[in-house]
Amino acid sequence: MSFSFDKEQRLRHRETISDLSAKGSPLFKFPIKAYCLPGGAPVSRYAVAVPKKNFKRAIKRNLLKRRIREAIRLNQAECLDGFAGDYLFVYIAKDVCEYAAIEAAVREILTKSRPQ
RNA sequence: CAGGUGAGGCGCCCUAUCGGGGAGCUGGAUGCUCUCAGGAAAGUCCGGGCAGCACAGGGCGGCACGCUGUGGAAAUCACAGAUGGGCGUAAGCUUAUGCGACUUGCGUAACAGAAAAUGACCGGCCCUCAGGGGCCAAGGGUGAAAACGCGGGGUAAGAGCCCACGGGCAUAUAUGGCGACAUAUAUGCAGUACGCGGCCGUGCGCUGCAAGGCCAAAUAUACCGGCACAUAAGGGUUGCCCGCCCUUUGCCGGGGGGUAGGCUGCAUCAGAUAAAUGAUAGGGGAGCGCUCCGGCGCUUACAGAACCCGGCUUACAGUCUCACCUUUUUU
RNA sequence: GGUGAGGUGGGUGAGUGGCUGAAACCACCAGUUUGCUAAACUGACGUACUCGAUUAGGGUACCGGGGGUUCGAAUCCCCCCCUCACCG
């Protein structure tokens, strides 16, 4: 089981991301809202966003993005079990949450996104 | 010892597990080695480099700045100093500064007050035909500000009207200083404060890396070539006819500009581009509080590069170094 | 990343050195009208602290926040905070 998180797994390009937020199926678990769309690439790809409106200082946005990315990295193999899709994670809460809360939310979203 | 003033510095460390960006080793993958955030990276308040556009040269206009010296590419920069004002017992901090001012640019000075700059309400004095006419600016009162201060002479009463002392401004000379300026002497001047679009000096062309350069899907298409359809319409070729050529329709191929997008700009031991520099756990250090002196609890800041430099400003747990001041006590 | 504009009662928004705590419109509140309502008309209307036994009435401060200039600042200057627009 690998815990790696390559450059290939980063979702980029404005068009793919706006597609994802428009067509992707929304999943919600406080403090994170996510959009998911299956297919697109052989590996799962992720984008993480923290709105500037809620956190004015760049260091807090960076901290939250790092925590979310870390939670994805450690749990993607276990929760997805071979499934691959494109994801957009958006941090909704107005305060900085601890890593444990973020990890729980990420686990639940990843598990729910996999087709049964 | 306590409190304070000024200048400068540091701004957590180690281990384990799992990861990330860049460079190199190789033609490629795996792998290995090296390296990876700040003093403010922030605000974008100034100044440059750099890039594009404009530009013979000069002027007007506009904007910014305005005491002196040194440094500096330059700056609303730094250091040292000058003069005036404000705060503080003090160390010290802070703010202002060209000319127009020895009579002469312009404007403003609300309310109050007679008057806010050709001063006269109350008042003082002189004359009087008793209605008034004239002289004065000391005292009162208003105001943020009231016509140099004070003493003497002088006068009808008074007044820089005159004189002494003191204060202000200008000029000249001397001395000290690189200089701003200070001190002294002489002469002269006199209705205040503030501001300005006036004058003088210095600097500035404009826009900013989303600048600029390169590559370049899809769709439409300038232009070029070929084919098909049609012999229809329009135009040209001599006025007319025939003939010939071009255009109007469709398809195929080439093709320029240019959009999405990408690369570059962008590195000198950071060099990303939905953006790395980390996450979790344990231990240690430092500080504070409680303490049954075994320990326990809390805190460990402000904050994250995006073309690069020089400054300024703002945020910052704690801690260190040096110099100085004040109070009290002791010698 | 860069460039520019703005912040004044509950809302919109004038005022650009002096009787402006602040015009005007809307909203809110009270009254007139009506069987009741709407519309119309009339009046009143900021917040905090404070003086006043209370009612009435008065004082001080506040124009995003903090300094400065000035006799006097919403207005002029400096620094922060916030909002909006533009540049591919």
Over how many whole Å does the gap from [X] atom [atom1] to [N] atom [atom2] extend?
{"X": "A:Ile68", "N": "B:rU280", "atom1": "CD1", "atom2": "P", "result": "13 Å"}
{"X": "A:Gln76", "N": "B:rG20", "atom1": "CD", "atom2": "P", "result": "11 Å"}
{"X": "A:Glu98", "N": "B:rA281", "atom1": "CD", "atom2": "C1'", "result": "14 Å"}
{"X": "A:Lys65", "N": "B:rG20", "atom1": "NZ", "atom2": "P", "result": "18 Å"}
{"X": "A:Asp86", "N": "B:rA274", "atom1": "CG", "atom2": "C1'", "result": "13 Å"}
{"X": "A:Arg61", "N": "B:rU277", "atom1": "CZ", "atom2": "P", "result": "15 Å"}
{"X": "A:Tyr46", "N": "B:rG20", "atom1": "OH", "atom2": "C1'", "result": "16 Å"}
{"X": "A:Arg107", "N": "B:rU280", "atom1": "CZ", "atom2": "P", "result": "16 Å"}

Take atom [atom1] in [N] and the same atom in [M], then report the distance between them in whole Å.
{"N": "B:rA267", "M": "B:rC298", "atom1": "C1'", "value": "45 Å"}
{"N": "C:rU55", "M": "C:rA61", "atom1": "C1'", "value": "26 Å"}
{"N": "B:rG176", "M": "B:rC165", "atom1": "P", "value": "29 Å"}
{"N": "C:rG72", "M": "B:rG140", "atom1": "P", "value": "26 Å"}
{"N": "B:rU328", "M": "B:rG85", "atom1": "P", "value": "31 Å"}
{"N": "C:rG1", "M": "B:rA301", "atom1": "C1'", "value": "28 Å"}
{"N": "B:rG208", "M": "B:rA180", "atom1": "P", "value": "44 Å"}
{"N": "B:rG195", "M": "B:rA116", "atom1": "C1'", "value": "16 Å"}

Any side-chain N or O of [X] less than 4.0 Å from the OP1 or OP2 oxygen of [N]?
{"X": "A:Arg66", "N": "B:rG19", "answer": "no"}
{"X": "A:Arg73", "N": "B:rU280", "answer": "no"}
{"X": "A:Arg67", "N": "B:rU280", "answer": "yes"}

Could you check which nucleotide pairs with [N] in any of the strands shown, counting Watson-Crick or G-U wobble with both distances under 3.5 Å?
{"N": "C:rA74", "answer": "none"}
{"N": "B:rA51", "answer": "B:rU207"}
{"N": "B:rU202", "answer": "B:rA64"}
{"N": "B:rC324", "answer": "B:rG4"}
{"N": "B:rA286", "answer": "B:rU299"}
{"N": "B:rU83", "answer": "B:rA96"}
{"N": "C:rU47", "answer": "C:rA61"}
{"N": "B:rC135", "answer": "B:rG124"}

Is [N] in the syn range, within 90° of 0, or in the anti range?
{"N": "B:rG31", "result": "anti"}
{"N": "B:rU207", "result": "anti"}
{"N": "C:rG35", "result": "anti"}
{"N": "B:rG27", "result": "anti"}
{"N": "B:rG177", "result": "anti"}

Of the candidate nucleotides [options], which contains the atom at the shortest distance from the side chain of [X]?
{"X": "A:Tyr99", "options": "B:rG304, B:rU280, B:rA276", "answer": "B:rU280"}
{"X": "A:Ala58", "options": "B:rG278, B:rG304, B:rA274", "answer": "B:rG304"}
{"X": "A:Leu74", "options": "B:rA303, B:rC18, B:rU280", "answer": "B:rC18"}
{"X": "A:Asn62", "options": "B:rA279, C:rC81, B:rA37", "answer": "B:rA37"}
{"X": "A:Arg57", "options": "B:rA276, C:rC81, B:rA279", "answer": "C:rC81"}

So, do [X] and [Y] sit near enough that their side-chain heavy atoms are less than 4.5 Å apart?
{"X": "A:Ile68", "Y": "A:Ile32", "value": "yes"}
{"X": "A:Ser25", "Y": "A:Tyr35", "value": "no"}
{"X": "A:Asp86", "Y": "A:Cys36", "value": "no"}

Under a 4.0 Å N-O cut-off, is there an ion pair linking A:Arg67 with A:Glu70?
->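 Looking at A:Arg67 and A:Glu70, the cut-off is not met.
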
Could you name each residue pair satisfying side-chain hydrogen bond (donor to acceptor under 3.5 Å, both in side chains) that touches residues 57-66 of chain A, not counting sequence neighbours?
->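 Checked against side-chain hydrogen bond (donor to acceptor under 3.5 Å, both in side chains) - neighbours excluded - no pair reaches residues 57-66 of chain A.
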
Going by atom type alone, with no hydrogens or angles, which donor-acceptor pairs under 3.5 Å involve a side-chain atom of residues 102-109 of chain A and a protein atom two or more places apart or on another chain?
unit_1, atom_1, unit_2, atom_2, d
A:Glu103, OE2, A:Asn75, ND2, 3.3
A:Arg107, NH1, A:Asn75, OD1, 2.7
A:Arg107, NH2, A:Glu78, OE2, 3.1

What orientation do A:Phe55 and A:Tyr91 show, parallel under 30°, tilted 30 to 60°, or perpendicular over 60°?
->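 Aromatic pair A:Phe55/A:Tyr91 classed tilted.
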
Closer to the 5' end of RNA chain B via nearest nucleotide, is it A:Ala47 or A:Ile59?
->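 Looking at RNA chain B, the more 5' nearest nucleotide goes with A:Ala47.
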
Comparing A:Leu63 and A:Val48 on RNA chain B - which has the more 5′ nearest nucleotide =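 Looking at RNA chain B, the more 5' nearest nucleotide goes with A:Val48.
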
Looking at CZ of A:Arg73 and OH of A:Tyr46, how far apart are the two atoms once the value is rounded to the nearest 0.5 Å?
->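 Atom-to-atom, A:Arg73:CZ and A:Tyr46:OH are 12.5 Å apart.
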
